[in-house]
Structure formats: C-alpha cells, structure tokens
Amino acid sequence: MSDTADTEDNQDMLPSLVQQIVQRITAGEVPIKNIERELICPICKELFTHPLILPCQHSVCHKCVRELLLLNHEDSFDAGSECSLPGSPGPRSRVPSPSMERLDRLARSGSISSPGWRRGSVTPRVTTFPCPGCQHDVDLGERGMSMLFRNFTLESIVERYRQAARAAVAIMCNMCKPPQQEATKSCMDCKASYCNECFKFHHPWGTPKAQHEYVGPTMNFRPKVLMCPEHEMEKVNMYCEVCRRPVCHLCKLGGSHANHKVTSMSSAYKILKEKLSKSIHYLISKEDQVRTQISHLEVLINETEENGQVAECGAYEHFERLFQTLQERKSEMLNSIEQSRTRRLEQLRGQVEEYQGMLENSGLVGYAQEVLKETDQSCFVQTAKQLHTRIAKSTESLRTFHPAADPSFDEFVLETSREETMLKELCFGGVPEPPIIDLSRSHVYNEGLLCWQLAEDTLATDHQVLEYRRLGTEQDGDSRWRLTDRVYGPSTVVCDLEADSLYSFRVRSCRNSLYSPYSPEVTFHTPPAPAFGFLFNDNCGFSSERLALSRRRDSVESMAGMAFLLAAERVQTGSYMGLDYIIGDTGISQGRHYWAFRVEPHSYLVKVGVASDSKLLEWFHNPRDTSSPRYDHDSGHDSGSEDTCYDLSQPFTLLTVGMGKMFLPKASISAGSDHGDHSNRVLPMPQRIGVCLDYDAGRVYFYDADTMRCLYERQVDCSGTMYPAFGLMGSGKVHLEEFITEKRLSYM
C-alpha cells in the first residue's frame with residue numbers, strides 16, 4: 001500500500017516540480033546566465049547556432065560540423081574544391097550562416113554531407129570525425145549531415161538566453177511601416193513577429209490563418225513537427241532504444257532500425273521526462289549536500305595550490321643545489337684544463353725556439369760560426385768547450401726527437417653516462433599508487449588475460465609484478481603466491497591454469513626499487529575445459545541475405561531484409577519464419593572443449609549450442625521459409641516436442657535465449673515441479689554464456705561464464721564431428737569472446 005501511495009505521490013509531484021523550476025527561472029531565482037556553459041559549442045566556444053545532435057548525444061553547431069569535416073579531410077581535396085559549392089566556407093574561415101531553410105534543403109539533397117566533395121569527383125566521400133565532447137569517432141554514413149537531427153530544445157533555450165542577455169532590446173514587428181512598433185506576438189506558422197494591430201490584420205477571424213499557433217515575441221521559429229532526416233516526408237513517431245534517437249515507421253519497417261527495439265514516442269516522452277524530473281528533484285533535494293561538497297572541494301583547491309607551491313619551491317631548491325654543485329665542478333674542470341693548456345704551450349714554444357737555433361745563420365749555429373772565426377787559441381778553447389757541449393746536446397735531441405708536451409687532453413674527457421643514468425632515474429615521488437585490475441577487460445580460461453589500470457595522476461612506473469594463487473588448496477599446502485616475470489605494460493597472460501579452479505590475482509607497481517601496496521584481490525573461476533578457438537563459418541549454410549557477419553568473423557547479426565519481408569507474405573497462421581543457422585569454422589572430434597560468447601540483450605530469439613555435421617547438412621538443405629515448428633521434433637525450436645524426446649540422445653542440443661531471458665527445456669526441471677509453471681524454466685540471460693562439450697562422454701553443459709555456474713546439461717549424440725552452432729530469428733546479435741577468436745586471428 002505504501003509503495004503504491006508513494007508512486008502516486010511521485011507522479012502527482014512531477015508536473016508541479018517542473019512548473020516550480022520554470023517559475024524559479026522566470027522569477028529570477030535561478031538566473032538563466034548560470035547555465036551559459038551548457039549552451040556553449042565545444043568547438044567554436046560560442047553560443048550554439050543551429051545545433052545538431054550527434055549519435056553520441058552531444059550537440060555541435062551546424063557550421064562547426066562542416067568545418068570539422070573540412071579540417072579532417074582538407075588534404076584529400078584540391079584548393080578549388082572547397083569553393084565549388086555555394087555556401088561552403090574554407091577550412092578555417094567563418095562566414096555568416098545561411099537561412100535554415102536553405103541549410104535544410106542542402107542537407108536533404110546531400111550536397112553538404114561531405115564538404116569539399118564535388119559531383120563527379122573521384123575522391124571518395126569520407127564523413128567520419130571525432131566528437132569534440134567524448135572523442136569517439138562519429139560516422140555519418142552515406143547520408144552525411146542529413147542524418148543528424150536539429151536540437152530544437154537546445155535552440156529554444158539558447159534563444160531564451162539571448163533574449164535574457166538583451167532584455168533591453170525589444171523585438172520589433174516585421175510588418176509595420178516605419179516607425180516600427182514593438183512586437184507582442186510571434187506566429188510559428190508565418191515565422192514572423194507582429195504587433196497587436198498587424199497580427200489582427202494578417203490573421204483575420206474566419207480564415208485559416210486565425211488557426212495559426214502564436215507565442216510571445218521570439219526570434220526562434222522552429223518546425224511544428226519533427227520530421228525524419230532519412231525519410232523527409234515522414235514524421236517521427238517512435239523512439240529507438242538502441243540508437244537512442246527518434247525514428248519514423250519506415251525506419252523500423254525496413255530501414256537501419258529494423259532489428260532494433262523501439263517504443264512509442266509518447267511512452268519514451270513519459271519515461272524520459274519522468275527520469276529527468278526525478279533526477280532534477282533529487283539534485284534540488286540534495287542542494288545542501290552539494291553546497292557542502294563544493295565547500296570541501298574549494299578547501300581542497302586551496303590546499304592543492306598551497307601544497308603545489310611548497311612542492312615547487314622544494315624542487316627548485318633541490319635543483320639549484322644540484323646546479324650549484326655542477327657549476328663548482330665545472331669551474332674546477334675548466335681551470336685545470338686552462339692551466340694544463342698554458343703549461344703545454346710554454347713547453348712546446350720553448351722547444352720551437354730551441355730548434356730554430358739549429359738553423360744556419362741563426363741562433364746557436366750562427367753563434368758557433370762566429371766562434372770559429374776566433375784566431376786566439378786560448379780564447380777559442382775557453383769559449384768552444386761550453387759551445388761544443390750545447391751543440392752536442394742539440395745534436396742528440398735532433399736524433400731522438402720528442403715533443404716537449406702531449407697535445408691531447410684525454411685525461412680531461414668526462415665519462416658521465418653513469419651520472420646521467422642516475423639523474424634520469426632520480427626519484428621525485430614516494431611509494432607509487434597501487435594499480436587496479438580491470439575486471440571488464442580481464443578474462444580467465446586455461447590461460448588468463450589480466451589487465452590493470454594505473455591512477456591517472458601517477459608518475460610512470462618501471463614495471464609491474466602480477467601474483468596469483470589457486471584457492472581451496474590449503475589442505476594440499478599449495479596456497480602460496482606465484483610471481484610472474486616483470487611486466488612492462490598494462491596487461492599480461494598467465495599460462496597453465498588448472499581447469500575448474502578458483503584463482504586469486506593481485507598486482508603491484510615498482511618505481512626506483514620502491515614497490516606499491518598490492519591491488520585489491522580479484523578472483524576468477526577457470527572453465528571446466530581448455531578454451532576452444534574458432535570463428536564463424538561464412539561458407540557452410542551461411543545466408544548473407546539475412547545474416548551480417550563482421551569483417552573479423554567474430555560477430556554475427558540477424559537482419560530483417562527484403563528477403564525476410566517477401567517470405568513473410570507466405571506466412572499463415574500456425575506457421576513461422578525459419579531460423580538462420582551459422583556454425584563455427586572448426587569441428588570437434590575428441591576431448592573436452594569450452595567456448596564463451598555474448599548475446600545482445602535486445603535479441604529476439606537466438607539458439608546456442610552444438611550440432612553434428614550430419615544434422616547441419618539436414619538443416620542447411622531443408623526449405624525453412626514456411627515449415628511448421630512441429631514439423632520435425634528436432635527442428636531446433638523450443639516447440640515442446642524437443643522436451644518429449646529429451647531422453648533420446650540427439651545429434652544436437654540448442655538452448656533458447658532472447659529478450660533478456662534464457663529458457664530451459666521442461667525435462668531439465670525436477671519431476672515434482674509443475675511443468676505448466678514457466679517461471680521455473682525462465683532465467684535472466686547471463687552477460688556471457690559458456691558452452692562445454694565433453695565429446696568422449698557425449699554430454700554438453702551450459703554455463704554463466706561470469707560465475708561459472710552450470711545452468712543446464714544434457715546428453716548429446718557425438719557420433720560425428722560436432723560444431724558450435726547458432727540459430728537466429730528476427731533481430732539478434734552474437735559476439736564471440738576475444739580470447740576465443742584471438743589465436744585463430746593471429747594465424748590468418
């Protein structure tokens with residue numbers, strides 16, 4: 001009772017809540033200028049002008065999308081191609097935007113879907129660019145910009161903001177002759193503003209114009225009805241929950257949204273408005289908490305600024321001391337080199353002077369020649385003795401020539417590689433932050449792929465060390481942690497894990513011989529058998545008309561194409577459209593094998609399991625367009641006849657999943673349960689489904705691949721080669737696990 005009353009109170013409160021918010025804005029309690037940052041285009045940093053909604057739900061100005069495409073692909077076109085289209089600006093030029101009628105007309109004709117492209121040009125149209133908000137690639141497809149919706153709601157808010165910003169400037173009547181009067185109304189059909197007299201004159205009673213929709217004075221005239229960008233004459237009346245955008249009935253019937261789950265526009269409006277109103281009410285109710293958190297954040301900002309300045313001063317002082325020490329050592333080195341250079345130059349120059357004296361008519365030789373002219377014997381003997389000693393010494397030095405000094409300065413060459421390495425490895429931080437193991441990207445089979453993330457503001461680390469141990473083996477004394485080799489990246493592979501075992505993993509970082517604390521431990525349960533690698537087979541029985549296979553052959557999607565519509569004409573009451581089968585490209589003839597995959601939650605009907613080669617040939621060669629579900633008891637459909645012959649060993653087993661559920665056969669329920677109670681047979685569809693085939697024992701198992709809980713098992717006839725088998729009907733999509741396809745792709 002209380003829950004019902006609370007729900008009714010909430011529903012009654014939502015409209016009044018929205019009115020209160022509008023009244024607060026109108027009354028000036030919430031100035032519209034406070035939301036200015038929500039109205040700024042992330043590219044031009046100006047108020048939005050004719051904003052378009054990208055597939056990622058971010059909005060960008062119309063002209064900015066065009067310029068983005070030009071900037072991304074300007075190298076693909078010649079200089080004149082940008083000017084070949086009317087209204088096409090250059091890559092970085094800004095021109096006044098043309099009227100929206102002309103823009104819409106150009107968009108519908110596709111002439112601006114790829115700026116810079118000319119009709120007849122051999123350059124292919126490329127319409128992909130990164131979203132400035134989330135950096136995800138946005139692919140506009142063949143229709144280009146014409147596939148994007150205008151964000152009329154955002155346009156209205158921007159117009160109200162502009163009006164509030166220029167409140168002193170009135171909107172004038174478009175029909176008055178000078179002097180113009182201030183407008184009191186704007187007609188959304190005529191797209192013009194009027195004063196009272198002009199409005200009465202142009203909208204007389206008893207004429208169709210009297211029925212026009214009018215609002216207060218405005219400069220924003222938007223269409224009364226939102227039209228589909230892919231089908232110009234159709235109104236949008238549904239909402240695609242997969243693409244999160246409005247669509248028309250033609251989009252759902254045979255367009256790009258044929259396989260997607262859609263809901264009525266009124267239902268989507270009610271749900272989204274209720275969610276938004278509840279979120280706004282929650283934020284308003286938590287205003288005191290938000291203000292407290294803002295105050296706390298402001299304190300943290302001040303502390304960050306102060307601590308940053310202290311750290312900056314400390315680092316400056318440390319580096320100044322290092323610079324001072326290096327400067328002192330530099331001065332000592334340069335002084336030693338200068339002194340050695342001066343000494344060696346003096347020695348070499350003295351030796352040069354000595355050898356110049358040996359030349360004729362100069363120096364020692366010239367002096368000796370003059371002494372020989374002495375005729376007085378006693379005087380000659382007195383002088384010649386000392387002169388002969390000097391000449392003998394010069395003669396000896398001439399015979400054994402050696403430079404007085406070594407010109408090389410090898411003793412002053414510095415070897416600083418060790419010091420440079422020490423400087424590069426200089427630690428500026430303390431103990432590194434522990435990494436966090438990423439559960440979404442980590443998968444464990446007989447080999448484990450473990451991925452982790454470092455803190456965003458952490459410094460670079462030298463390496464990581466992963467440790468793991470097998471749980472539940474304490475009695476065997478084998479619960480010790482095992483270390484992997486040093487890992488110089490964000491992931492590693494652990495080999496030789498035991499099947500059907502529980503393992504715990506942890507990782508830590510190392511920087512300058514300092515280890516971080518361990519990351520929180522995470523546990524994974526290994527499958528009951530080694531991983532079986534395969535890709536989807538695009539040859540055997542594959543229907544390209546109704547199945548779309550990815551380029552890597554690791555995912556398949558069922559499409560409701562033209563062949564499906566033509567076949568539907570022949571369907572009568574009690575008949576059905578057949579399954580489209582696809583199998584793995586590798587068969588199993590012995591041993592135990594395990595594989596895993598994901599089924600999209602929006603899938604209508606998907607059969608998963610195994611089938612023998614003989615049964616597959618029967619399925620692929622039987623006409624299936626209008627056969628009855630009970631035509632064959634092993635048709636692969638959950639018609640009830642399969643359950644009757646459950647005890648029989650069939651050469652196939654297929655389990656039904658779809659619409660977010662997994663359906664178990666009746667025979668898998670205990671004998672004492674009510675077979676008419678379908679709730680016992682319906683389980684929530686796991687995010688990842690695992691299949692294990694024991695070929696030798698002739699048994700197949702189905703698992704929740706995240707928890708490794710066995711959901712269903714049964715006997716299967718393994719008399720031939722068994723293949724992973726999948727059947728799709730209606731909208732559906734299956735993705736093989738990356739670990740399953742990785743080894744196959746590495747050899748292709």
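Scope of the values below: all heavy atoms of this structure, side chains included, with no hydrogens, waters or symmetry mates.
Judged as a side-chain hydrogen bond (donor to acceptor under 3.5 Å, both in side chains), and not counting sequence neighbours, Arg709 has no contacts. With sequence neighbours left out, the salt bridge (charged side-chain N to carboxylate O under 4.0 Å, His left out) criterion links Arg551 to no other residue. Evaluation of the side-chain contact (heavy atoms from CB on, under 4.5 Å) rule for Ser295 yields no partner, not counting sequence neighbours. Scored by the side-chain hydrogen bond (donor to acceptor under 3.5 Å, both in side chains) test, Glu557 finds no partners at all (sequence neighbours excluded). Annotation: side-chain hydrogen bond (donor to acceptor under 3.5 Å, both in side chains) contacts of Arg245 (sequence neighbours excluded): none. Residues passing the side-chain contact (heavy atoms from CB on, under 4.5 Å) test with Thr484 are Leu466, Tyr468, Val487, Val494, sequence neighbours excluded. Partners of Pro490 under the side-chain contact (heavy atoms from CB on, under 4.5 Å) rule, at least two apart in sequence or in another chain, do not exist in this structure. Residues passing the salt bridge (charged side-chain N to carboxylate O under 4.0 Å, His left out) test with Arg508: none are found, sequence neighbours excluded. Shown here are the side-chain hydrogen bond (donor to acceptor under 3.5 Å, both in side chains) partners of Ser612, two or more places apart in sequence or in another chain: Ser614. Legend: residues meeting side-chain contact (heavy atoms from CB on, under 4.5 Å) with Ala725, ordered by chain and number and at least two apart, are Ile583, Ala611, Leu654.
For residues 685-695, the salt bridge (charged side-chain N to carboxylate O under 4.0 Å, His left out) pairs, not counting sequence neighbours, are Arg592-Asp694, Arg688-Asp706, Arg688-Glu737.
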Donor-acceptor list for residues 525-541 side chains, cut-off 3.5 Å, not counting sequence neighbours:
from   : atom 1 : to     : atom 2 : distance (Å)
Thr526 : OG1    : Glu498 : O      : 2.7
Thr526 : OG1    : Asp500 : N      : 3.0
Thr526 : OG1    : Ser501 : N      : 2.8
Thr526 : OG1    : Ser501 : O      : 3.1
Asn537 : OD1    : Asn539 : N      : 2.8
Asn537 : OD1    : Cys540 : N      : 3.3

